[in-house]
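No hydrogens, no waters, no symmetry mates; every other heavy atom, side chains included, goes into these values. In the text below, chain A, chain B and the rest are named by the order of the sequence lines, each starting its count at 1.
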Amino acid sequence: MKNLNLWYGESQALYDINMDIGEKEVTAIIGPSGCGKSTFIKTLNRMVEMVPVVRTSGEIDYRGKNIFDDKNYPVEDLRTKVGMVFQNPNPFPKSIYENIVYGPRIHGIKDKKTLDAIVEKSLKGAALWDEVKDRLHENAFGLSGGQQQRVCIARCLAIEPDVILMDEPTSALDPISTAKVEELVQELKENYSIIIVTHNMQQAARISDNTAFFLNGELVEFANTNTLFSTPSDKRTEDYITGRFG
Amino acid sequence: MKNLNLWYGESQALYDINMDIGEKEVTAIIGPSGCGKSTFIKTLNRMVEMVPVVRTSGEIDYRGKNIFDDKNYPVEDLRTKVGMVFQNPNPFPKSIYENIVYGPRIHGIKDKKTLDAIVEKSLKGAALWDEVKDRLHENAFGLSGGQQQRVCIARCLAIEPDVILMDEPTSALDPISTAKVEELVQELKENYSIIIVTHNMQQAARISDNTAFFLNGELVEFANTNTLFSTPSDKRTEDYITGRFG
Amino acid sequence: MSSTSKQMNEKSVGAIIEENRKNRGSLMFIEKLVPKLLLLASIISVLVTVGILYTLLSEAFTFFDQVNFFSFISGTYWNPWQGEFGIMGLVSGTLLITVIAMLVAIPIGVASAVFLSEYASDKWRRILKPLLEVLAGVPTVVYGFFALTFVTPVLQSIIPRLSFFNALSAGIVVGIMIVPMIASLTEDAMSAVPNTMRQGAMALGATRLETTFKVVLPASLSGIVASFALGISRAIGETMIVAIAAGATPKFTMDPTQSIQTMTGYIVQVAKGDAGFGSTIYYSIYAVGATLFVFTLVMNLIAQYISRRYREEY
Amino acid sequence: ACGSSEGGDSESDSSSEGENTSSEEGSSEELSGTVQVAGSSTVYPMAVYIAEQYQKEQPEVNVTVDSIGSGGGFKKSTKGEIDLSNASREIKEEEKKIAEENGINLHPLELAYDGLTVAVNPNADFIDKLTVSQLKEIFLADSGKTKWSDINSEWPDEEIKIYAPGHDSGTFDYFNEAILEENSMREDSGVTLSEDDNTLVQGIKNDEYSIGFFGYAYYAENKDSLKALGIQDGEDAEAVKPSPETIQDGSYTPLSRPLYTYIVESALEKPQVLDYTLYTLNNAGEAAQEVSYVALPDEKYQEQIDKVKEMAPSE
Amino acid sequence: MNYVDEQTVKTNMGKRIVKNKIGRWVFFFATLIGLIFLGALGYRILTQGIGGLDWQFLSGFTSASPERAGIKAGVIGSLWLMAVTAPVTIILGVCTAIYLEEYARQNKLTRFIQLNIQNLAGVPSIVFGLLGLTIFVYVFNIGEVVLAGGLSLALLVLPVITVSAQEAVRSVPQDVRQASYALGATKWQTVRRVVLPAAIPGILTGSILALSRAIGETAPLLIVGASTAIFTLPGNIMDPYTAMPIQIFSWTQQPQQAFQEVASAGIIVLLAILLVMNSIAVVIRNKFSKRF
Ligand SMILES: Nc1ncnc2c1ncn2[C@@H]1O[C@H](COP(=O)(O)OP(=O)(O)OP(=O)(O)O)[C@@H](O)[C@H]1O
Ligand SMILES: Nc1ncnc2c1ncn2[C@@H]1O[C@H](COP(=O)(O)OP(=O)(O)OP(=O)(O)O)[C@@H](O)[C@H]1O
Ligand SMILES: [Mg+2]
Ligand SMILES: [Mg+2]
Ligand SMILES: O=P([O-])([O-])[O-]
């Protein structure tokens, strides 16, 4: 990605971001509150554009295509390839089954058998199958927060994206659910590229391969996670990870 | 006050509070958020009873009368004697003049001359006279936050209470307005007993004669301000004032 | 002089207050009295309902002394002057109008709500919404006049066999009148759906359309259905448009090109100035009014039940 | 005093004398109070005209006129709810009985002649006149004839759409009596009944195969968009179209009829009602012409004026 | 292993995007239909009625001839009706709102009153006409006069005013109530001197909107017996009357074509009055909306 700038109306939220994100790796984004982490990650699947006043400049290339190029790369297409899991679990007010097949359905898969298979595979992928296999047709709102979050992950897996974006996926969860989701992330990276925003530096250290540190809309440092946490090359990164501010 | 207990529905918010508050002194109440400071101070003029589920037990004697004794001490009488200033300035949506004379009016004072005199005296008492004397009939909402808060204080002075309760009166104000209000408190204690809740320990130290420290609905320590801040007798007080928690 | 008065004040505000407190008896009396008076005022709205029920029922009972209740509710032929009181002859007219109105109001109302809540930019919303609300403020007599002098001729040029007074034109206009109501209630229900839900769908690559139809609308369904129920209730009770444009021919038919008569239309026809006490026909308007009341009450209760029972929880 | 002078003056000398005397009586005292007039829609245009003129004479008197059909008017007048009850037919026995029960005396006053007009859509080229028996066939409930071709095989094979005044209407009653001889009229789905004559006019104007009837004034106002039919009273008789002349000379039969207002006798105790009644009779001729009805001979008005003065309680 | 076939997804994608675009336009046009209708109505009535709109029309009574017909009796009659309706309904509505919001405990009676008000709001206006006819005209024997019409309209809009007054009272912040209590004010003093004055803009806005509904109501007035032709103005509330919509309605019932234009002119006057009322409501709302 090159020279990414982003404004909310008059105020700039991202400044000249340049970075390369690897495939089948977990990239963690850390930084103090308000530094632009969510904005950045939402830019990657262009969800940020749901705020009407947003303007962007620069380029993000995904597999050789500029994602801002509406003509050649419809935004729906992009989002099919780049899935997203949100901070607060947001299942649809439907049954678990319906939640999972929502994506495949809109992409034109109608065959009942295929859909069943997708549900099973996705729920297994989200480490939820055993817990819910007998209540697939119950409303997803009846699940615990951690389960709901995994339903959302499964929903995302169902359309087999390449990249999964996660914006603080565990911040609304209790420690046990958090552990489950973290575990899951580790498994998922076998098949997917994962970009995860987190407030929790321990979490970043535990699960990511590379880590990016944002501050006031700038990318301060982007490096191998171990390197970044042990020998940060930027003073500000060091201050942050040692708890000097934020 | 003796064995004051207070419940919101099922949950108890104040436990066995016993304390004696002196006349013409400034008493500060400090403690971490949610410890019951506001609840306590609102009990003193029975404003706490505006929450329907509140139950109290114990006694608060004011000048020899139990304030909970509805028969002998109507709550309106109590509140006439015990004025209150709130966290957020809450002037009435009327002119400054009308704000001040509201109290006297409801207590049956109708004579225009008397009212004018009260307004002048109260505004002078609240150190606001010079700033607003030419715009008494403008809407109080047009004033700055600090001025509004002083209007509220003047409004309270207008009915010449004996005691003034203040619940974090400066927390919504900028530093300059805060300084003005603090100064005012110092002047007011010549004539009034003042009980002030504050989050700001420096403030408590600056302006109060005695300080009470609350924790989880209990009165942990109540002593001369200097004593309390320099040589707290309770471990928890010490922890709190040294910033160990809260 | 002034200094003495000032002095007086200085020592006295508290004292005056103390003084005044002694003769507070009247104040306390008012304090006790006021809530009772206010309660009385609120009871009046209950009395209005009682009044309506009393009026409709007592006169309707007199009517049913003269006309068999079962032939009233099951009869399809309404010709009071020949002693034929089959309410279905009027109910069918009312239903026909209601069906046409809802066929117009539901799609347009919901589509407007979808556009306003899902597609329109703030600017468009700010322009379109108040304009739609104007539509709700036009008096029905104006709509009726417009239906008869404009909509009907336009429709006749499309459907030549349309009779001059017809259910179609009146129904369409009633529908248009209800559009703003359905649009705004539906939009309320849709904007209550949290944005995270939309984002969830869009992040899966869903288009706006798919998000709207598969996520937002289902999630706000109960609010929307409640708005339909209220709309139906309005259509059933609408009077002037049908009295002016739908004709005065009670008819058990579902043919929209025909002149018909609704329950409300009949009441107006009979009551217009000459509702003298006494005759069976006079009492019949109350029997019809009671039927109308029951219909609308049921729709209102359904609307309230739905929106209470299925209030969305996110 | 008399506002529009074109019509009335020449042929109503004696009545204008009467008017002068009465209006002198009236305007000497400024009258006030209310006068309530209601009833026939046929009479309505005339009644509004009179009330409108009267208001210039006596601005303080509150006159209301409502068009609710002759029957509607009688429903009210027989209970004493109104002062004057306009009618396009005579009072019925039942109505008289109710009035008696209520201790009300109703006295008829003739105001003008009307020719009840049978009209069709102007595009209906096939038809120009009807015999009374054809009319009967068209409107009779059990004639079983609902298409034009049932009446005359040369006429189009189309449903007859009927627009007729409602049951409270004197016109309906009169037609029933004169044409249908008290047999019941068709009231099926091809029939629109309405107290509002505009509904009938608009209906006929816009439905090609329709027919209907109402007072001549309503036809006169819409000559361009309606076609009045000639009525042939008997097989060999000449077909006569309604017009002021044919109505006046009695050749338009059997549908010519007088228009009335029935005065509630006890209401004459109210000076403004008495004054208004006299004013009505004095100006009925002018009003009739104004709205295309036919005025009565002047003596007839004068007779009735004297009668009313007799009835009035002596002052 | 892959259930999601790249290719189908690709081919579907185009279709879906097109559908979305179409959807957008469909919704847009559906929204426009209502407005087109509004435009046609406005255009039609303006072009038909503007010609008849002159001083003579505004200052004259109705007439047998369309050229002389005027709407004065209608306008003044409507004002008389409002003079009865407004005080009755506003006083009752505001009292009810204060009771429900400030005094009532959450009990069965309160819930019943609330439910009752909601249901009344949905009762067809013609039923209120029957109520007025029976209770006011016949039982109380008031007759077909301003008072009967005004009271019927008052009951008709009572639920509307009550609900909007409730909202206005509810929107007064708890803060200022507390300030008043803290000065030793009693409940009624607080309500009367603080809550009510602060709620007045909201109450006014709601009331004006409700009254503008009442002023356009036709059916209930037809039933409680407003006159169609009247040549004096009511002098007090016990006089017969007519009202703008009634006058308009009676003109539409006249067979002369020219009366249709008179009716249009009447509609313009009615709509203009409604527009003024609504603008006042909007101005009040905007002026006071930033108060808290
Ligand atoms: N919808 C919006 N409109 C305007 N400004 C916004 C909007 N959303 C975010 N911002 C601004 O953009 C900046 C970056 O916000 P962002 O949400 O990306 O921060 P963050 O790093 O995700 O913070 P947190 O850790 O609290 O989630 C902030 O200054 C914020 O105020
Ligand atoms: N209206 C209420 N209903 C129920 N519980 C309440 C209510 N108000 C306060 N509480 C509870 O009572 C306890 C004390 O609250 P209080 O407001 O007195 O705390 P505080 O010390 O003033 O806190 P802060 O510094 O944040 O103002 C808290 O646990 C709070 O949750
Ligand atoms: Mg964020
Ligand atoms: Mg507090
Ligand atoms: O309205 P009518 O003249 O037909 O009674």
Side-chain angles (χ1 to χ4, degrees), chain C residues 27 30-31 34-35 38-39 41-42 44-46 48-49 51-52 55-56 59 107-108 111-112 114-116 119 128 131-132 134-135 137 139-142 145-146 149-150 176 179 207-210 230 233 237 239-240 244 264 267-268 271-273 275 277 285-286 289 292-293 296-297 300 304, chain E residues 16-17 19-20 23-24 26-28 30-31 33-35 37-38 40-41 44 92 95-96 98-100 103 113 116-120 122-127 129-131 133-135 138 155 158-159 162 186-188 212 216 218-219 222-223 225 245 248-249 252 260 263 267 270-271 274 278:
Chain C
L27 198 74
I30 292 176
E31 204 61 34
V34 160
L38 295 177
L39 176 62
S42 349
I44 286 186
S45 72
V46 178
V48 173
T49 308
I52 289 176
T55 306
L56 295 179
E59 309 287 32
I108 298 183
S112 306
V114 167
F115 183 76
L116 290 176
Y119 284 95
L128 292 178
L131 276 177
L132 270 184
V134 172
L135 217 47
T140 52
V141 65
V142 176
F145 178 71
F146 186 68
T149 63
F150 184 78
I176 293 284
V179 162
T207 60
R208 274 272 174 208
L209 191 73
E210 289 155 353
L230 287 179
S233 159
T239 307
M240 292 319 290
I244 295 174
T264 53
I267 297 174
V268 169
K272 227 180 68 191
F277 253 146
I285 63 177
Y286 291 90
L292 178 66
F293 182 76
T296 53
L297 183 68
N300 289 333
Q304 278 164 29
Chain E
R16 295 174 40 223
I17 289 170
K19 265 195 213 156
N20 182 41
R24 189 195 160 82
V26 167
F27 294 134
F28 179 67
T31 313
I33 290 180
L35 302 179
F37 199 92
L38 186 65
L41 190 148
R44 167 84 178 177
L92 286 180
C95 287
T96 307
I98 291 176
Y99 179 76
L100 291 176
Y103 284 95
I113 295 177
N116 174 63
I117 289 171
Q118 275 167 20
N119 275 322
L120 271 186
V123 172
S125 61
I126 195 167
V127 172
L130 290 177
L131 175 73
L133 177 70
T134 314
I135 302 291
Y138 289 125
L155 299 187
L158 181 58
T162 304
T186 59
K187 185 149 195 160
W188 175 236
S212 69
T218 318
L222 280 178
I223 291 182
I248 293 166
F249 179 60
T252 67
Q260 305 302 313
I267 288 173
L270 176 57
L271 291 182
L274 288 179
N278 283 303

Checklist entry - Is the shortest heavy-atom distance from the side chain of E:L271 to the side chain of C:P139 under 4.5 Å? => result yes
Checklist outcome for this item: Rounding to 0.5 Å, atoms CG (E:L92) and OG (C:S45) come to a distance of 9.0 Å
Item to check | Worked check of side-chain contact (heavy atoms from CB on, under 4.5 Å) between C:I52 and E:L120 | outcome: CA-CA 10 Å; C:I52 289 176; E:L120 271 186; 3.9 Å; yes
Next on the checklist: I'd like to know which of C:V179, C:L135, C:L116 tops the heavy-atom pair count under 4.5 Å against chain E.
Outcome noted: C:L135
Checklist entry - Which distance, rounded to the nearest 0.5 Å, do you find between the CZ of C:F146 and the CD1 of E:I267? => result 10.0 Å
Next on the checklist: Heavy-atom cut-off 4.5 Å, strictly under: side chain, backbone, both or neither for C:V46 against chain E?
Outcome noted: both
Checklist entry - Distance from E:N119 atom CG to C:N300 atom CG, nearest 0.5 Å? => result 5.5 Å
Checklist entry - Quick one: CD on C:Q304 to CD on E:Q118, what's the gap to the nearest 0.5 Å? => result 4.5 Å
Checklist entry - Under a 4.5 Å cut-off applied to non-hydrogen side-chain atoms, are E:Y103 and C:L38 in contact? => result yes
Next on the checklist: With a 4.5 angstrom heavy-atom cut-off, is it the side chain or the backbone of C:I176 that approaches chain E, or both, or neither?
Outcome noted: side chain
Checklist entry - Can you say whether E:V123 sits under 4.5 Å from chain C via the side chain, the backbone, both, or neither, judging by heavy atoms? => result both
Checklist entry - Side chain, backbone, both or neither: which part of C:T296 has a non-hydrogen atom closer than 4.5 Å to chain E? => result side chain
Item to check | chain E contact via C:T239 - which portion, at a heavy-atom distance below 4.5 Å | outcome: side chain
Item to check | Stepwise side-chain contact (heavy atoms from CB on, under 4.5 Å) test for C:T55 and E:I135 | outcome: CA-CA 8 Å; C:T55 306; E:I135 302 291; 3.9 Å; yes
Checklist entry - What option among C:G51, C:S112, C:G237 has the most heavy-atom pairs under 4.5 Å with chain E? => result C:S112
Checklist entry - Just how far is it from atom OG1 of E:T134 to atom CG of C:L56, taken to the nearest 0.5 Å? => result 7.5 Å
Checklist entry - Using the ring of each side chain (for Trp, its six-membered ring), is E:F27 parallel, tilted or perpendicular to C:Y119, with breaks at 30° and 60°? => result tilted
Checklist entry - Which one, E:L100, E:I126, E:L158, leads in non-hydrogen pairs under 4.5 Å with chain C? => result E:I126
Item to check | Considering all heavy atoms, the nearest C:M240-E:L222 contact | outcome: CE-CD1, 3.8 Å
Checklist entry - Can you name the closest pair of heavy atoms from C:G289 and E:V127 and give their distance? => result O-CG2, 4.4 Å
Item to check | E:I223 and C:I267, any side-chain heavy atoms less than 4.5 Å apart | outcome: yes
Item to check | Separation of C:T207 OG1 from E:K19 NZ (nearest 0.5 Å) | outcome: 8.5 Å
Checklist entry - Does E:R16 reach the main-chain N or O of C:E210 with its side chain, forming a donor-acceptor pair under 3.5 Å? => result no
Item to check | Which atoms of C:I30 approach chain E - backbone, side chain, both or neither, heavy atom under 4.5 Å | outcome: side chain
Checklist entry - Between E:L38 and chain C, which part of the residue has a heavy atom less than 4.5 Å away: side chain, backbone, both or neither? => result both
Item to check | C:V141/E:T252 under side-chain contact (heavy atoms from CB on, under 4.5 Å): CA gap, chis, key distance, verdict | outcome: CA-CA 10 Å; C:V141 65; E:T252 67; 5.7 Å; no
Item to check | Which atoms of E:L130 approach chain C - backbone, side chain, both or neither, heavy atom under 4.5 Å | outcome: both
Checklist entry - Given a strict heavy-atom distance threshold of 4.5 Å, which part of E:L41 is in contact with chain C: side chain, backbone, both, or neither? => result both
Next on the checklist: Heavy-atom cut-off 4.5 Å, strictly under: side chain, backbone, both or neither for E:F28 against chain C?
Outcome noted: both
Checklist outcome for this item: Highest number of heavy-atom pairs under 4.5 Å with chain E among C:I108, C:V34, C:T264 belongs to C:V34
